[in-house]
Amino acid sequence: MSNQVEQIAVAGASGNLFDTEYRYVIPLYQRAFAWEEKQLLQLIEDIEDVDDDSNYYLGSVIVSRQSSGYEVVDGQQRLTSLYLLMSCLGMKLKPVLSFACREKSNYTLSKIQEIIKGNRSCFDMEQMEPGLYQGIRILKERMENGTFNRDDFLKKLGRVILYRIEVPKNTDLNRYFEIMNTRGEQLEQHDILKATLMSYLSREEEKAAFAKIWEACSDMTGYVQMHFPVRYREWIFGGDWKGLPSARWKDYKNSEVLWMEEGDGCSITDIVKRDFRVSVDEMVSEEPGRVRFESVTEFPYFLLHVLKVFVRLHSVKSQNPEEELLKELLDDKKLLDSFERVIRNGVRKGRRIWDHRERFSGDFIVCLLRSRFLFDKYIIKREYANEDLDGEWSLKELRVSGQQTKKRPYYANTRFIRSGEWASTNDRRAKTNLMLQSALRVSYTSPKVMHWITALLHWLSKNNCENTKEEGITEYGTETEKIASRAVIDLFLEAGQKCGYRMGVNTPHIVFNYLDFLIWKSDPGKYADFVFEFRNSVEHWYPQNPSEGTFEPWSDGADRFGNLCILQRSINSKFSNMSPEAKKSTFDKMIRKGSLKLRIMSARTEKNGSQPASVYWKEEGCEMHEEEMIRILKEACGLE
């Protein structure tokens, strides 16, 4: 890590953040302490959630070194909150935090122990700074709660890391703070990670190439090609802008094209040529201020996906076989910790990564670029075209039209065909892949559990589809379906046998969405209007608790799979305790746009002779429907 970025343990064995001879001064241009109950309690909860075997990155404090200490340029709310928190914990702190020209704030800090003890006679309330005083009371009350375990909390606090970042000398601090405050930006974990990985590189040209690639990949909107100027774009992706980037770091670090400054593209010799023309070096092709393609994940999570892909591709193992190298959960709060685990504990081809950090940085940035290219081309996005405000699922690749300086990008269905196959075959495969991925996306709504993205990126990278003329890409849909079917087998078909598939509202959402995909796939024409949406609530078709006096409860069968459907949470409350036939008639329009399983359930809710529809559904219809749905799932999962 560079000299201007220092990693500090908030509470280590050798001391703590405030056990120092340097003072932290909050300048007058900073606003007063403003964290309220929500932020302070969240700070405590975040620390309570720290794992016992990993560090937790709390954030950064940007400072300017002065003769007697540090002037805090950014991060004072976090720093002050830590001071109050650690004081309330009874930790020994030196009085090194102060506010410039704010007498009440300094008076409150000087009386903090008396406030904690409740010795009202020892301080003057009129001299108190209200924000600091209330903050101390909020923290004190939380710690007096019977559920708070001080000893356990102190252990977790020992794993909390803060980064202290020094601005260069002679920086105009007022101007710097104004810019930071206006833009609302703070240094994030991925910024620290970038600085750390770049510090492992020895040459400035390498660092420049690394930075350009990182910045292009960090913008998750649109396609990565369009985040490079044209001459970089053509060098990296080829003249048609759609070639998989080189897998060799030396191709980038030794390229004058990539690391030269933006304005160095034309020599005097070029300019004096008769046919010289100034090219328009556009960065994006979309309308200003408009995002056409929206990613299904954010950059910190994407970095974690790529790290896992890197570990698998390069067979990186932990030097201690008893310790896992990476956690299964994708946690953006532990981004730095995840990389530190791999760099410090990883072994690649018998060599410790820590001893070859420079090579790791180069190989990782290449993996990041290639993964981002594959991600854009083969992982669904949300596309907002024309005046559509809701957007739609999109699985397209970037193509180019025109020649020379008139080249322009356009987007078409990603190719999933072998040489010589019909375009209609590609349309069918592209649609199937889009439907299957959107089923996965709406099933796993938290970015922490989108492991399907990691699996697909690894498969794409391992099979090197782009360099085999896409002959293997026709199997991509099969690989994607394996991910869905494996989850259904593990979480439902095997686990559900013990309870007769009567999981009720605990039935995993992937089961409903994969089933809808299979029903759609059986007759795409019939279900051409169906799209996967975020239906996040499992509902009983025949209610658990019918409206009083209207029809009989179904205590032993309401939770069975045949009686369950998945809905948008906003619609769930409307269904309430109505009978199946009442739901069918009242919400017919919604049902016709809903889950395919729900549509089938509604269609089969009919009278059977003299039997009312609800009675027939309860006694026969539900069981028949369930048997059919389970059969569809088992056949697709290879269990029948």
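Nothing fancy with the numbering, it's 1 onward along the sequence.
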Using 4.0 Å as the upper bound for N to carboxylate O, is an ion pair formed by [Y] and [X]?
X: Glu626; Y: Arg604; answer: no
X: Asp427; Y: Lys431; answer: no
X: Lys253; Y: Glu358; answer: no
X: Arg631; Y: Glu627; answer: no

Rounded distance [0.5 Å steps], [atom1] in [X] versus [atom2] in [Y]:
X: Tyr200; Y: Leu197; atom1: OH; atom2: CG; result: 6.5 Å
X: Arg560; Y: Cys499; atom1: CZ; atom2: SG; result: 11.5 Å
X: His356; Y: Arg351; atom1: NE2; atom2: CZ; result: 5.0 Å
X: Leu330; Y: Thr297; atom1: CG; atom2: OG1; result: 8.0 Å
X: Leu456; Y: Leu374; atom1: CG; atom2: CG; result: 11.0 Å
X: Lys584; Y: Ser602; atom1: NZ; atom2: OG; result: 5.0 Å

query: Parallel, tilted or perpendicular for His625 and Trp617, by the 30°/60° rule?
result: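 Correct class here is tilted.
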If we ignore hydrogens and angles and just use 3.5 Å, is the side chain of [X] paired with the main-chain N or O of [Y] as donor and acceptor?
X: Glu323; Y: Ser318; answer: no
X: Lys194; Y: Phe210; answer: no
X: Gln225; Y: Trp241; answer: yes
X: Gln437; Y: Ile380; answer: yes
X: Arg341; Y: Leu326; answer: no
X: Asp516; Y: Ser595; answer: no

Can you confirm whether or not the ring centre of [X] sits under 6.0 Å from the ring centre of [Y]?
X: Tyr476; Y: Tyr378; value: yes
X: Phe532; Y: Phe517; value: no
X: Trp249; Y: Phe360; value: no

Shortest non-hydrogen contact between [X] and [Y], atoms and distance:
X: Glu397; Y: Thr414; result: N-OG1, 3.3 Å
X: Cys622; Y: Gly562; result: SG-C, 3.5 Å
X: Lys308; Y: Lys327; result: NZ-O, 2.9 Å

Is the cationic atom of [X] (NZ for Lys, CZ for Arg) positioned less than 6.0 Å from the six-membered ring centroid of [Y] and within 45 degrees of its normal?
X: Arg382; Y: Trp393; result: yes
X: Lys396; Y: Tyr223; result: no
X: Lys597; Y: Phe561; result: yes

Polar side chain donor-acceptor pair, [X] to [Y], under 3.5 angstrom:
X: His314; Y: Arg348; answer: yes
X: Ser443; Y: Trp452; answer: no
X: Asp559; Y: His540; answer: yes

Lys482: salt bridge (charged side-chain N to carboxylate O under 4.0 Å, His left out) partners, not counting sequence neighbours: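 With sequence neighbours excluded, Lys482 shows a salt bridge (charged side-chain N to carboxylate O under 4.0 Å, His left out) to Glu479, given in chain and number order.
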field: Thr474 and Phe416, any side-chain heavy atoms less than 4.5 Å apart
entry: no
Donor-acceptor contacts, no H, no angles, side chain residues 501-512, under 3.5 Å, sequence neighbours left out:
{"from": "Arg502", "atom 1": "NH1", "to": "Asp556", "atom 2": "O", "distance (Å)": "2.1"}
{"from": "Thr507", "atom 1": "OG1", "to": "Gly504", "atom 2": "O", "distance (Å)": "2.8"}

query: In this structure, are over 12 heavy atoms from other groups packed under 6.0 Å from Glu298 atom CD?
result: no
